[in-house]
Amino acid sequence: MTDVNELTKAKIPCEGNGIQIKRTLCDICCPGMHCGVNAYVKDGKIIKIEGTKEHPRNHGKLCTKGAAGRQYVYREDRIQTPLKRTGERGAGKFEPITWDEAYRTIADRLMGIKAQYGADSVAFFSGYTKWYRQYLHRFAYSFGSINYGTECSTCFKASEMAWQATAGRNSDPDMENSNVILGFALNSFHSNHLMAARLLRLKEQGKKFIIIDPRKTPATQKLADIHLQIKPGTDGALALGMANLIIENDWHDKEYIERYTYGFEQYAEYVKRFDLRTTAEITGLKEEDIFAATKLYATNGPASITETSCSLTHHINGFQNYRAMICLNGLTGNFDRPGGQIPEESTYYDMPAGYHMYEHEYYLDVQPGRKEEAVGCRKYPLWCKFMDEFQAMDLSRQILEGTPYPVRAVYGAGMNAKMFPDTKKMYAALKSLDFFVDVDIFMTDTAKYADIVLPACTSYERGEFKAYPGGYAAYTQPVIEPLYESKSDVKILKELADVMELDDTLLRQGYEAAIEYMIRDLSITVSDMKASELPIKVPEARAVVPGEFTENGMNTRSGKFEFYSNYIAEFESLGLSPIPTYRDTLEDEGMDKEAYPYVLVTGSRLPNAIHSRLHDVAWTRSLRKEPMADINIEDAQELGIGPGDRIVIETVTGKITMKANPSVKIRRGDVQIYHGYREANANDLIGSTHTDPYSGYPGFKSSRCRIRVKK
Ligand SMILES: Nc1nc2c(c(=O)[nH]1)N[C@H]1C(S)=C(S)[C@@H](COP(=O)(O)OP(=O)(O)OC[C@H]3O[C@@H](n4cnc5c(=O)[nH]c(N)nc54)[C@H](O)[C@@H]3O)O[C@H]1N2
Ligand SMILES: Nc1nc2c(c(=O)[nH]1)N[C@H]1C(S)=C(S)[C@@H](COP(=O)(O)OP(=O)(O)OC[C@H]3O[C@@H](n4cnc5c(=O)[nH]c(N)nc54)[C@H](O)[C@@H]3O)O[C@H]1N2
Ligand SMILES: [Mo]
C-alpha cells in the first residue's frame with residue numbers, strides 16, 4: 001500500500017494529503033510566452049510548479065525563469081502592507097499603514113497636485129508588467145492626465161513604429177514556409193524559449209539560417225549556416241549594403257516593387273553608398289561573408305526575417321537600422337507572401353490572436369486632447385505620432401527642469417529606475433518630486449524613494465485575461481490567496497478610483513467589466529473563460545490570409561510598402577529622413593574614441609534572469625552567481641585581465657565594477673554586460689541623452705567605454 005506521507009513528501013496528490021493541482025499562467029517574462037502552469041497547492045501554499053502539458057502555448061515546458069516561480073512568489077522581500085515613508089527618500093525607512101489611509105493620502109495628494117499644477121503634472125508609469133495596462137491607461141486619462149507611459153519607451157515599440165512607418169502594420173515571419181531565415185540578433189535560446197524549440201525543428205527540416213550577432217551564441221552555434229559577427233549597432237549599414245548588392249546583381253523582385261512599393265528610386269539611389277567594401281568596413285565583417293549571406297538570402301526565397309524586440313533598436317540609430325532591415329522584405333518581394341513576412345493585427349497586448357478586441361478604445365474613449373503635450377513628445381515627435389503614451393526617456397529631465405511644464409507626482413506600477421539610462425538622474429528626479437507612489441511586489445531600490453508603497457500580488461494570486469495566438473483566450477483564477485495584505489494592481493486602481501470619486505462609471509465597474517467591454521463583439525464571456533482551466537478557442541478567430549493586406553492596400557499614405565515613408569516625411573524639417581539612412585551609432589557627445597576605445601553592449605538577455613527580478617532568487621542566481629563583464633579573450637590578455645579579476649568599466653556617464661569573464665564568444669573590442677543587478681547597475685553607464693531621435697530609445701547596446709583592472 002502506498003504511504004500517504006511518502007506521497008506527500010514527493011508532492012504527489014492523493015486522497016487524504018490535501019494537495020491540489022490548480023492551473024494558472026506564468027507571467028514572469030514576455031507576453032508572447034505566458035506559459036501554462038500547474039501549481040501544486042497544499043494548505044494555501046504553493047509547494048511545487050510544473051508546465052501544463054495541455055496548454056496550447058508551452059505544451060508542458062517551463063524555462064529556467066518560470067521554473068523558479070515558486071521561489072519568486074515567496075521572495076523574502078515581498079512588501080506585506082501599504083507603507084508610508086518615515087526617513088529620507090531612498091533610505092528605505094517606512095511604517096505600515098492601512099489601505100484606507102494609503103488610499104486617502106494618495107487621493108488627497110494627487111488631487112492637490114492636479115489642482116495646483118494641472119492634471120498633466122501627475123505622470124502614471126508602468127514597468128515591465130503588462131496585464132493591467134489598459135486599466136491603468138484609462139485610469140490616467142480619467143484622472144485627466146495625458147501622461148501615461150511604460151517600459152515600452154525602451155522595449156518592443158520602436159520595432160512596431162518602424163513597421164507602421166513602412167507598411168502600416170506589424171508583421172511576423174512565416175518561417176514554416178521559408179527556405180531561408182535571416183535572423184537579425186536572433187538568439188531565442190536566451191530570450192524566447194518557445195521560439196527556440198520551433199527554430200530547432202525548422203533547422204531539422206533543412207531551412208538555411210543566416211544569423212547576425214556580435215556574439216557567438218547557442219543560436220549561432222546550433223542554427224547558423226552563416227554567422228555574421230557584426231559590430232554592434234551597424235545592422236543598418238549591413239542591410240543597406242545587402243540591398244545594394246541585391247540591386248546590383250538583379251536579385252530584386254521588380255514586379256513586386258513596381259506594383260506594391262513606393263519610393264524605390266530614392267532608396268536605390270541611397271543604397272549605392274553602401275558598396276561591399278564600405279559595408280565591410282562599417283560592420284567589421286568580411287566582404288565575402290556579406291556577399292555569401294546576401295546571395296543565399298536573395299536567391300533562395302521565399303525568405304523571412306526574424307528580428308528581435310530590442311537588440312537592433314537599442315542604439316541611437318536603431319529605428320533606421322530596423323527600417324533598413326524591414327526594407328529588404330519589400331525589395332525581395334517577401335512582404336505579405338507565404339514564406340515571407342505576414343502582416344498581423346494585435347488582439348490584446350501585442351498578441352496576434354486572430355480576433356478583434358476593443359483594447360485601444362477602452363482608454364482612447366476618455367483620452368484628454370493634447371496628445372502632443374505628453375512628456376517627450378516635443379523631443380520625439382515621431383514617437384508621439386505612433387504611440388498613445390509618453391516617451392519616458394525624457395521623464396527625468398522634465399521632472400528636474402520643469403519644462404515645458406512641471407511634473408510633480410508619479411504613480412508608478414513596478415517602476416524601476418534601473419531600466420532607465422542614467423539611473424542616478426532618475427533617482428534625483430524621484431527625490432525631487434512632491435509625491436511618488438510605487439506599487440510593486442517587492443521592496444525595490446526604486447520603491448525606497450516612494451512616499452507611499454503599495455503591495456501588489458503575483459499572477460499566482462490574481463485572475464487575469466490573456467489572448468494567445470491560434471485564436472485562444474483565457475481568464476485565470478488565483479491559485480492561492482494574495483500573500484499578506486497584497487492586492488492585484490487592478491483592484492488597487494479600482495478602489496483608488498472609488499476613493500477619488502473619479503467620474504468614470506465603466507472604470508469603476510472594475511477589471512472584469514473592462515475585459516467584457518473589450519470582448520463585446522465576441523461570443524465568449526469572462527464567465528466562459530473562467531469556467532475553463534485551459535485557454536478556450538474564440539469562435540470568431542480567423543487566420544491571416546497572405547496577400548490580402550497587399551491587395552487591399554496597406555495602411556500607409558500611398559497604400560503601398562514605403563521605402564520612402566510618407567509618415568516620416570512629415571518630420572523632415574526636424575531632421576528625420578523618410579528613407580532608411582544610416583549614421584554612426586557612436587558619433588554623439590562624449591563618445592571619444594581615444595579615451596573610450598571599447599564598445600559597450602548592455603542587457604543582452606541571460607537565460608536565468610528577467611531584468612532585475614530574478615537576480616535575487618536563489619535558483620536562478622545560482623546559474624550565474626555574480627555580475628560579470630564578458631570580454632574578448634585576446635583583449636583580456638593584452639590588458640592583463642584574467643578570469644575573475646575585478647575590473648572597472650567606465651563611460652562618460654559613470655563607472656561600475658564587476659568581475660571579468662574573458663571569452664572566445666565576444667568580438668574583439670566589445671564589452672558585454674548584463675542589466676538589472678543591484679550591485680553593478682549597467683544603466684549607471686548609459687547617458688540619458690544618448691538616444692535615438694526617431695524613437696527616443698537609448699543606446700543601451702552601443703556606447704563607448706574603457707576598462708581597467710581595479711586596484
Ligand atoms: N542597460 C539596459 N537597460 C535596459 C534594457 C537593456 O537591454 N539594457 N532593456 C530594456 C527593456 S527592453 C525593458 S523591457 C526594460 C525592463 O525593465 P523593467 O520594467 O524595469 O523590468 P523589471 O526589472 O522586470 O521591473 C519590473 C518591476 O515590476 C515589478 N512587478 C512585477 N510584476 C508586477 C505586478 O504584477 N504588479 C506590479 N505593480 N509590479 C510588478 C517587479 O517586481 C519589478 O520591480 O529594461 C530596459 N532597460
Ligand atoms: N531570459 C530572458 N528573456 C527575455 C528577457 C529577459 O530579461 N530575460 N527580456 C524580454 C524582453 S523585455 C525583451 S525586449 C526581449 C529581447 O529579446 P532579444 O532582443 O532577442 O534579446 P537579447 O538576447 O538581448 O538579444 C539577442 C541577441 O542580440 C545580440 N545583439 C546585441 N546587440 C546587437 C546588435 O547591435 N546587432 C545585432 N545584430 N545583434 C545584437 C545579442 O548578442 C544577443 O545574442 O527578451 C525578452 N526575453
Ligand atoms: Mo523589453
Side-chain angles (χ1 to χ4, degrees), residues 27-30 32-33 63-65 72 75 126-132 136 150-156 159 183-193 195 211-220 228-235 238 306-315 318 321 325 412-421 423 438-447 454-459 462 464 488-489 492 585 599-615 665-667 670 672-676 681-683 685-686 697-698 700-702:
D27 89 326
I28 201 117
C29 69
C30 315
M33 297 203 279
C63 73
T64 330
K65 309 183 290 321
Y72 176 74
R75 250 173 74 167
S126 170
Y128 189 74
T129 311
K130 284 137 181 121
W131 73 280
Y132 52 69
L136 175 64
T150 72
E151 127 291 1
C152 287
S153 293
T154 71
C155 189
F156 160 68
S159 319
F184 271 90
L186 176 66
N187 182 24
S188 316
F189 294 87
H190 289 182
S191 60
N192 185 339
H193 66 284
M195 165 98 100
I211 297 188
I212 299 142
D213 196 310
R215 302 183 304 165
K216 293 197 177 86
T217 67
T220 65
L228 300 178
Q229 199 166 359
I230 195 169
K231 183 172 177 207
T234 65
D235 300 80
L238 174 65
T306 41
E307 75 286 3
T308 75
S309 42
C310 72
S311 297
L312 255 58
T313 52
H314 282 171
H315 303 275
N321 284 354
M325 175 194 74
M415 185 167 183
N416 177 4
K418 285 199 212 92
M419 73 161 266
F420 290 88
T423 300
D438 196 26
V439 188
D440 205 302
I441 306 172
F442 310 106
M443 181 44 78
T444 63
D445 294 341
T446 308
L454 300 177
C457 64
T458 68
S459 60
R462 66 184 184 229
E464 70 189 84
S488 82
D489 292 83
I492 295 170
T585 183
V599 179
L600 176 69
V601 185
T602 65
S604 294
R605 295 335 185 209
L606 293 170
N608 59 314
I610 175 90
H611 308 301
S612 67
R613 272 178 282 151
L614 289 174
H615 292 318
K665 294 180 180 163
I666 306 302
R667 236 180 53 96
D670 292 355
Q672 292 271 355
I673 64 170
Y674 306 90
H675 66 302
N681 172 23
N683 281 327
L685 300 176
I686 309 289
Y697 277 32
F700 287 140
K701 297 203 162 58
S702 50

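Source: prediction; values computed, not measured. Both counts, for ligands and for their atoms, begin at 1 and track the order of listing.
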Next on the checklist: If the threshold is 4.0 Å, N to carboxylate O, is there a salt bridge linking Arg462 and Asp27?
Outcome noted: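 Salt bridge: yes.
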
Next on the checklist: Checking contacts here: is it the side chain or the backbone of Arg605 that comes within 4.0 Å of ligand 2, counting heavy atoms only? Could be both or neither.
Outcome noted: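 It is both backbone and side chain that touch ligand 2.
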
Checklist entry - Which bit of Cys155 is near ligand 2, meaning a heavy atom under 4.0 Å away: side chain, backbone, both or neither? => result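 Within the 4.0 Å criterion, Cys155 contacts ligand 2 through side-chain atoms alone.
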
Heavy atoms only, cut-off 4.0 Å: how does [X] contact ligand 1, side chain, backbone, both, or neither?
X: Ala456; answer: side chain
X: Asp489; answer: side chain
X: Met415; answer: neither
X: Thr602; answer: both
X: Glu151; answer: side chain
X: Lys418; answer: neither

Next on the checklist: Classify the ring geometry of His314 against Phe700: parallel below 30°, tilted from 30° to 60°, perpendicular beyond 60°.
Outcome noted: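 Aromatic pair His314/Phe700 classed perpendicular.
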
Checklist entry - Among the heavy atoms of Tyr697, does any lie under 4.0 Å from an atom of ligand 1? => result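 Tyr697 does not count as a contact of ligand 1 under the 4.0 Å cut-off.
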
Checklist entry - Are any of the heavy atoms in Ile686 under 4.0 Å away from ligand 1? => result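 Not so, Ile686 does not reach ligand 1.
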
Item to check | Nearest-option assignment for atom 37 (C) of ligand 2, heavy atoms, candidates Leu606, Asp235, Thr64 | outcome: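 Checking each option, the heavy atom nearest atom 37 (C) of ligand 2 is found in Asp235.
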
Checklist entry - Hey, is ligand 1 close enough to Lys701 that some N/O pair sits below 3.5 Å? => result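 Yes; at least one N/O pair falls below 3.5 Å.
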
Next on the checklist: List ligand 1 atoms under 4.0 Å from Trp131, heavy atoms only on the residue side.
Outcome noted: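 What qualifies from ligand 1 is 35 (O).
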
Checklist entry - Numbering the atoms of ligand 1 from 1, which are under 4.0 Å from a heavy atom of Phe442? => result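 Near Phe442, the atoms of ligand 1 are 42 (O).
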
Checklist entry - Do Lys418's NZ or CZ and the ring of Phe420 fall within the cation-pi criteria of under 6.0 Å and 45°? => result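 Pair Lys418/Phe420 does not count as cation-pi.
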
Can an N or O of [X] be found at a distance shorter than 3.5 Å from an N or O of ligand 2?
X: Asp213; value: yes
X: Ser311; value: yes
X: Asn192; value: no

